Protein chains: 2
Amino acid sequence: MAQSNVAEIASIVSESSRAAMLTVLMDGRFHTASELAFMAGIKPQTASFHLSKMQEAGLIVQEKQGRHRYYGIQNEEIAKVMESFLFIAPPVKIKSLKQSSQDKAMRYARTCYDHLAGSLGVQLADALLKTGVLREDHENFRVTEKGELFFKELGIPLETVSKKRRSFSYRCLDWSERRHHLAGALGQAVLERLIELGWIQRVPQNRAVKVTEEGKDGLKKTFGIDHSKEGT
Amino acid sequence: MAQSNVAEIASIVSESSRAAMLTVLMDGRFHTASELAFMAGIKPQTASFHLSKMQEAGLIVQEKQGRHRYYGIQNEEIAKVMESFLFIAPPVKIKSLKQSSQDKAMRYARTCYDHLAGSLGVQLADALLKTGVLREDHENFRVTEKGELFFKELGIPLETVSKKRRSFSYRCLDWSERRHHLAGALGQAVLERLIELGWIQRVPQNRAVKVTEEGKDGLKKTFGIDHSKEGT
DNA sequence: GGAATTCTTCGATGTTCATCGAAGTATGGA
DNA sequence: TCCATACTTCGATGAACATCGAAGAATTCC
């Protein structure tokens, strides 16, 4: 009767190999087909089959580069929905000490698609609100006059950022904190800049990011974020 | 490898009969097993099988009443994720004139779990913000002092509403409007009150709601909402 | 107590779909 | 030109699972 297309999207995500690949892609970076196959523990043929299926469904995009094919999440909205899944997905059973510390690290700070999430991401958004750099404006954050100066001093040229044809600065819900953090082009720019400054570093294996010693200092001075403990 | 539980939840929703039943349940009301079976176009046995599966997964809850078993969406979070699915699900292909006007009506005003959504829901939240009844406060709306008086006059006793053990007044994202509307216990209370006042009426077949003649008048006077056209 | 209703459990059936081996296409390098 | 790499398409296999008939449990009505 009331055949909904919700089922179609869900059926894509429901397969464990595909879900695994999507989870990998949630780091916001592009990955090759064979890399994704390896991460999901399947043969390249099978991965190819799944990837084309997900591409057809509009969940991911492909970019050819020589004999490699790079795959990435289609856009922010897809990433957002994937993230929202974690809201109701039962918490992962922690089996090992290693997993436990990984989980802790992820909850503290991770990338969500192309911006910063986790406790650190939420603290950052909070700090920017509190100091009047950003203001809440319906679904989005808005940069105040004071904010324009702030980002300039931080080394983020807003003119360039706002030229990209995507939503500039919207609020993204954080599954571990259940609070919003900063997303959109501005969120991406901030993440990039923090990495560039050497304040945080991506962890190669997963979406977690690590705060460096300079980072602790810089985050304290620039944003007033004091963090006594963090994940491994 | 990195077996995610996201896949488990998705696999529940991915089956078309289950998706159909969940869609029906998204009106926020409880329905009997046989009613859901009929709506999904399957035999009672099959529906029973699906319902127990969804219950086990924590998506829905059961309530026994005599020889009937009533099923409903587990909680707001589940409803929220279901709603967020519609964000990325491709728009339904409109085949008939009837479908087209149904779609129009749904977009104009519908229930989202237990509160008001659609264009009307968003307009309402906007109006309450503009007049200073509510204020945005992170993920939630907050009732101002002025607001307390407002709701009292509207016939909604806030003391009673806030006693319920659930989030009082949070912001829910609207798939058709891509804007937030009012959810939580307060959102439910407002919907109930508007129905009680006879300003809006539920449509039996689906989640759409209809604004009555008194409703047009009342919404205009109380909230300043002027609506020139609505769906059928 | 007996009949009707509402829903569930069990078992058999058939279809859908993920998987991988084998073979085919494109790209890059020697 | 030939080979290696990266990825795809095709076809066969096997397993998971939705479906429904039949029969069983629980409840209400007479």
Side-chain angles (χ1 to χ4, degrees), chain A residues 1-25 29-73, chain B residues 1-25 29-73:
Chain A
M1 276 261 81
Q3 187 69 351
S4 89
N5 33 26
V6 169
E8 278 173 49
I9 298 290
S11 78
I12 301 285
V13 187
S14 70
E15 207 282 323
S16 64
S17 300
R18 285 196 288 263
M21 290 194 273
L22 281 171
T23 305
V24 172
L25 290 171
R29 288 178 280 196
F30 277 66
H31 297 261
T32 63
S34 39
E35 189 184 348
L36 291 167
F38 175 77
M39 299 289 268
I42 50 178
K43 298 281 170 203
Q45 314 97 288
T46 312
S48 179
F49 163 70
H50 287 312
L51 288 168
S52 68
K53 202 160 192 172
M54 289 194 279
Q55 195 184 352
E56 201 182 351
L59 295 187
I60 60 174
V61 285
Q62 193 200 65
E63 224 168 89
K64 278 184 79 169
Q65 235 168 80
R67 49 185 170 184
H68 292 276
R69 312 240 175 141
Y70 287 89
Y71 289 92
I73 299 277
Chain B
M1 279 260 82
Q3 188 68 350
S4 87
N5 33 25
V6 169
E8 277 174 50
I9 299 291
S11 78
I12 302 285
V13 186
S14 70
E15 208 280 324
S16 64
S17 300
R18 284 194 289 262
M21 289 194 275
L22 282 171
T23 305
V24 172
L25 290 172
R29 288 177 281 196
F30 278 67
H31 298 261
T32 64
S34 41
E35 188 184 349
L36 291 168
F38 176 76
M39 299 291 266
I42 50 178
K43 297 282 169 204
Q45 313 97 289
T46 312
S48 178
F49 164 70
H50 287 311
L51 288 168
S52 68
K53 202 161 193 171
M54 289 194 279
Q55 195 184 351
E56 202 181 352
L59 295 187
I60 59 173
V61 284
Q62 193 199 65
E63 223 168 88
K64 279 185 78 169
Q65 233 169 81
R67 49 187 170 185
H68 292 276
R69 310 239 176 143
Y70 286 88
Y71 289 92
I73 299 278

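Reminder, nothing fancy here: chain letters follow the sequence lines and each chain counts from 1. No experiment lies behind these values; they were computed from the predicted model shown.
In this structure, L36(A) atom CG and dC7(D) atom C1' are separated by 13 Å, rounded to whole Å. Rounded to whole angstrom, the span from the NZ atom of K53(A) across to the C1' atom of dT19(C) amounts to 12 Å. Between the C1' atom of dC17(D) and the CD atom of E15(A) lies a distance of 14 Å, rounded to the nearest Å. Put simply, NE2 on H50(A) is 14 Å from P on dT9(D), counting in whole angstrom units.
The main-chain N or O of P44(B) is never found under 3.5 Å from a side-chain atom of S48(B) such that the two would form a donor-acceptor pair. Remark: side-chain polar atoms of R69(A) are not paired, donor with acceptor, to backbone N or O of A33(A) under 3.5 angstrom. Side chain of R18(A) to backbone of S11(A): a donor-acceptor contact under 3.5 angstrom is found.
Close to dT27(D), at under 4.0 Å from its OP1 or OP2, lies a side-chain N or O of K64(B). Contact annotation: K43(A) does not reach the phosphate of dA18(C) (side-chain N/O to OP1 or OP2, under 4.0 Å).
Between L51(B) atom CG and L25(B) atom CG the span is 7.5 Å, to the nearest 0.5 Å.
Each side chain to side chain donor-acceptor pair (under 3.5 Å) pair with one or both residues in residues 30-41 of chain A, not counting sequence neighbours, appears once here: D27(A)-H31(A), H31(A)-E35(A).
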Discussion item. What does the B/S/- profile of nucleotides 5-10 of chain C look like, 5' to 3', with a 4.0 Å heavy-atom cutoff to protein?
Written reply: BSSBB-
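Taking Q45(A) as the reference, K43(A) meet the side chain to side chain contact (heavy atoms under 4.5 Å, CB included) condition, with sequence neighbours excluded.
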